[in-house]
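Written out below as structure tokens is the structure these notes cover.
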Amino acid sequence: MTATVPASSPEQRPAGSGLHPLVDALAATIRQSWSALPELAPLAIEPDLEAISGSLDGEKLFIRNELRRCRGLRKLHLETARLGAGLQILHCVFFPDPRYDLPVFGADIVAGPAGVSAAIADLSPTSPELAPGIAADLAALPRHPYSQPRELPAWGTIFSPFVRFVRPMNEQEDGWFQEEVAGLLAVMAKAVASTPEEATDDPATVARYHGQLSYCQQQKRNDKTRRVLEKAFNPSWADRYIEHLLFDDPLPLA
């Protein structure tokens, strides 16, 4: 999360009601993708974390969290947030069960009345490399010529070579990003359906477990998220939210 959104020029995107269509459209795409996953089921969430309201800089902050699980994925998390009449955030992560050779799906959008300031999506490996079939499927996906690609943060070593991090500048580029995320979700669904389970004590499982721990630890280095939550709520609540909902570590291997 971030508390500021750089403005696009009025010629590139007119200011509207503050509701950005890409956030709603991508959330719908993600929810629709769940239907293709095997043994999809609800995942319990504490009531006070499902729908959250607070205040930041005098504006109302609303956060909604949705959780699922399925065979091969220990947690599917979709968070949508809105600050006042403008700033909107979408955050989504699919965390794999380490017994399956699957990546972490992640997508984030930060948007405001002037447009999207940041949009990122990836299938991030928890092993040294993505499974060959997944890498081949990702290489076959279209990549569009965005006018404003963005540089990854210092902690962005967790991402794959296929990561997309951009600032879409118009409706066409919004559509490109939604198309690319839909492609990632299709690759993920195919992999979930076809990847076999491996033993808990298999060296590859252990390596993926530690790889996912590293992914979560690196994501927690994003101080912007922590600062916003601490300001809107309090430090202890922010710690609980980050450690137990956003980037909770996988359970120790039995």
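Hydrogens, waters and symmetry mates are skipped; everything else that's a heavy atom, side chains included, is used. Fair warning: this is a prediction, and the values are worked out from it, not measured in the lab.
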(request) Measure from the side-chain N and O atoms of S194 to the backbone N and O of K190, and report whether any donor-acceptor pair falls under 3.5 Å. (result) yes
(request) For residues L40 and C70, report the shortest heavy-atom separation together with the two atoms involved. (result) CA-CB, 4.0 Å
(request) Measure the acute angle between the ring planes of W237 and Y241, then classify it against the limits of 30° and 60° as parallel, tilted or perpendicular. (result) parallel
(request) Please determine which of L184, L138, L152, L123 meets the side-chain contact (heavy atoms from CB on, under 4.5 Å) test together with V163. (result) L152
(message) Whether E197 and R71 form a salt bridge (side-chain N of Lys/Arg under 4.0 Å from carboxylate O of Asp/Glu) is what I want to check.
(response) no
(request) Using a 4.5 Å cut-off on heavy atoms from C-beta on, say whether the side chain of N65 contacts that of L78. (result) no
(request) Supply the atom-to-atom distance Y215 OH to T126 OG1, rounded to the nearest 0.5 angstrom. (result) 10.5 Å
(message) H244: which residues meet the ring pair (Phe, Tyr, Trp, His ring centres under 6.0 Å) condition with it, sequence neighbours left out?
(response) none
(message) Return the CZ to SG distance between R221 and C216, rounded to the nearest 0.5 Å.
(response) 14.0 Å
(message) Could you tell me if the side chain of P96 sits less than 4.5 Å from the side chain of Q212, heavy atoms only?
(response) yes
(request) Following the transitive rule for hydrophobic clusters with a side-chain heavy-atom cut-off under 4.5 Å over Ile, Leu, Val, Met, Phe, Trp and Tyr, establish whether L56 and F62 coincide in one cluster. (result) no
(message) With heavy-atom distances below 4.5 Å as the criterion, would you say the side chains of R164 and I120 are in contact?
(response) no
(message) Do V228 and T225 make a side-chain contact, defined as non-hydrogen atoms from C-beta onward lying under 4.5 Å apart?
(response) no
(message) Check D48 with R240, please: is the shortest side-chain N to carboxylate O separation under 4.0 Å?
(response) yes
(message) Just so I know, are the side chains of E66 and R31 near enough to count as touching, which here means a heavy-atom distance under 4.5 Å?
(response) yes
(request) Identify whether L245 and V104 are in the same connected component of the hydrophobic contact network (ILVMFWY, side-chain heavy atoms under 4.5 Å). (result) yes
(request) Verify, without hydrogens or angle tests, whether T195 (side chain) and V192 (backbone) share a donor-acceptor contact under 3.5 angstrom. (result) no
(message) Is there a side-chain contact between K220 and D249 in this structure, where contact means two heavy atoms from C-beta onward sitting under 4.5 Å apart?
(response) yes
(request) Please check if the side chain of S160 supplies one atom and the backbone of F162 the other of a donor-acceptor pair under 3.5 Å. (result) yes
(message) Does this structure show an ion pair linking K75 with D97, if we count only N-O contacts that are shorter than 4.0 Å?
(response) no
(message) Is there a continuous path of hydrophobic side-chain contacts, each under 4.5 Å between heavy atoms, that joins L37 to Y100?
(response) yes
(message) For the CD atom on Q32, are there more than 12 heavy atoms of other groups (residues, nucleotides or ligands in this structure) within a distance under 6.0 Å?
(response) no
(message) Distance alone, cut at 3.5 Å: any donor-acceptor contact between the side chains of E180 and H144?
(response) yes
(message) For G84, is there any backbone N or O sitting under 3.5 Å from a side-chain donor or acceptor partner on R82?
(response) yes
(message) Once rounded to the nearest 0.5 Å, what's the spacing between atom NE2 of H210 and atom OG1 of T205?
(response) 11.0 Å
(message) Quick check: is F159 connected to L246 through a chain of hydrophobic side chains (ILVMFWY, heavy atoms under 4.5 Å apart)?
(response) yes
(message) Check whether E173 reaches the backbone of S147 with its side chain - one donor and one acceptor, N or O, closer than 3.5 Å.
(response) yes
(request) Would you please name every residue forming a ring pair (Phe, Tyr, Trp, His ring centres under 6.0 Å) with F247, sequence neighbours left out? (result) H91
(message) Determine whether a donor-acceptor pair (N or O, by modelled atom type, separation under 3.5 Å) exists between the side chain of R208 and the backbone of P98.
(response) yes
(message) Test of understanding: clusters of I, L, V, M, F, W, Y form through side-chain heavy atoms closer than 4.5 Å, transitively. Do L130 and Y209 belong to the same one?
(response) no
(message) Assess whether a salt bridge exists between E39 and R69, defined as any Lys/Arg side-chain N lying under 4.0 Å from an Asp/Glu carboxylate O.
(response) no
(request) Could you pull out the closest heavy-atom pair between L90 and A27, with the gap in Å? (result) CD1-N, 3.6 Å
(request) Using the six-membered ring of F95, assess whether NZ or CZ of R74 lies under 6.0 Å from its centre and within 45 degrees of the ring axis. (result) yes
(message) Assess, by modelled atom type and distance only, whether the side chains of Q178 and T29 contain a donor and an acceptor separated by less than 3.5 Å.
(response) yes
(message) When you compare the side chain of I89 with that of D108, does any pair of heavy atoms fall below 4.5 Å?
(response) no
(request) Would you give the length of the straight line joining atom CG of L67 to atom CG of L76, rounded to the nearest 0.5 angstrom? (result) 9.0 Å
(message) Side chains of I63 and E79, heavy atoms from C-beta outward: is any pair under 4.5 Å?
(response) yes
(message) Between E198 and R99 (salt bridge meaning N to carboxylate O under 4.0 Å), is one present in this structure?
(response) no
(message) Angle between ring planes, F94 versus F105, binned at 30° and 60°: parallel, tilted or perpendicular?
(response) tilted
